[in-house]
Amino acid sequence: MAHPTEHPHIVVHAPALDGSRRVTSDDETLGVATHSDDVGEILRLADLYVTDVEDTDFIEWQGGGPDDWPGLHEHHQS
């Protein structure tokens, strides 16, 4: 059993072609995010409360940081 102060390894993976990013805990996929707010919600639903997903050592951001969501802007422009 893990010590209560230990956290699972959370990874926000590099953006997919559509700009979405997979969020995993160790080997388990928790969800797919399209914005940094989604990351917080995905973690909340997994009972992993993080108050600031953009500024924590709790989350490993791969392929760009919390402001990198390439491809999504093109889908939302008129």
Side-chain angles (χ1 to χ4, degrees):
M1 177 181 253
H3 189 276
T5 60
E6 292 180 12
H7 297 289
H9 187 147
I10 302 298
V11 177
V12 178
H13 295 268
L17 292 176
D18 67 356
S20 65
R21 300 175 76 169
R22 191 167 48 100
V23 180
T24 61
S25 172
D26 299 317
D27 293 331
E28 177 186 0
T29 298
L30 299 177
V32 176
T34 58
H35 188 273
S36 60
D37 290 342
D38 292 344
V39 175
E41 181 64 8
I42 289 167
L43 295 179
R44 185 189 70 77
L45 291 172
D47 291 328
L48 302 169
Y49 295 91
V50 179
T51 57
D52 186 0
V53 298
E54 296 180 9
D55 188 32
T56 182
D57 293 334
F58 182 61
I59 299 171
E60 176 186 345
W61 293 86
Q62 296 180 346
D67 293 327
D68 294 316
W69 301 90
L72 292 174
H73 298 292
E74 293 82 13
H75 294 290
H76 295 293
Q77 290 180 349
S78 300

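For clarity, every value in this text was computed on a predicted model and none was experimentally measured. Quick note: numbers below take in every heavy atom, side chains included, and nothing from hydrogens, waters or symmetry partners. If you read the sequence from its start, that first residue is 1, and numbering goes on from there.
Considering all non-hydrogen atoms of both residues, E54 and S36 come closest at OE2-OG, 3.0 Å. Nearest heavy atom pair, residue R21 against residue V12, reads NE-CG1, 3.6 Å.
Among residues two or more places apart in sequence or in another chain, the salt bridge (Lys or Arg N to Asp or Glu O under 4.0 Å) test is passed with E60 by none. A14 meets the side chain to side chain contact (heavy atoms under 4.5 Å, CB included) test with no other residue; sequence neighbours excluded. Applying the side chain to side chain contact (heavy atoms under 4.5 Å, CB included) test to I42 and every residue at least two apart in sequence or in another chain returns V23, L30, A33.
Note that the NE2 atom of H9 and the CG atom of D27 stand 10.5 Å from one another [nearest 0.5 Å]. The CG atom of L43 sits 6.0 Å away from the CZ atom of F58 when rounded to the nearest 0.5 Å.
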* So H13 and V11, side chain to side chain contact (heavy atoms under 4.5 Å, CB included) or not? Walk me through it. -> CA-CA 6 Å; H13 295 268; V11 177; 3.6 Å; yes

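Aromatic ring pairs are classed by plane angle as parallel below 30°, tilted from 30° to 60° and perpendicular above 60°; the pair W61 and W69 is perpendicular.
Evaluation of the salt bridge (Lys or Arg N to Asp or Glu O under 4.0 Å) test over residues 37-52, restricted to residues two or more places apart or in two chains, returns E41-R44.
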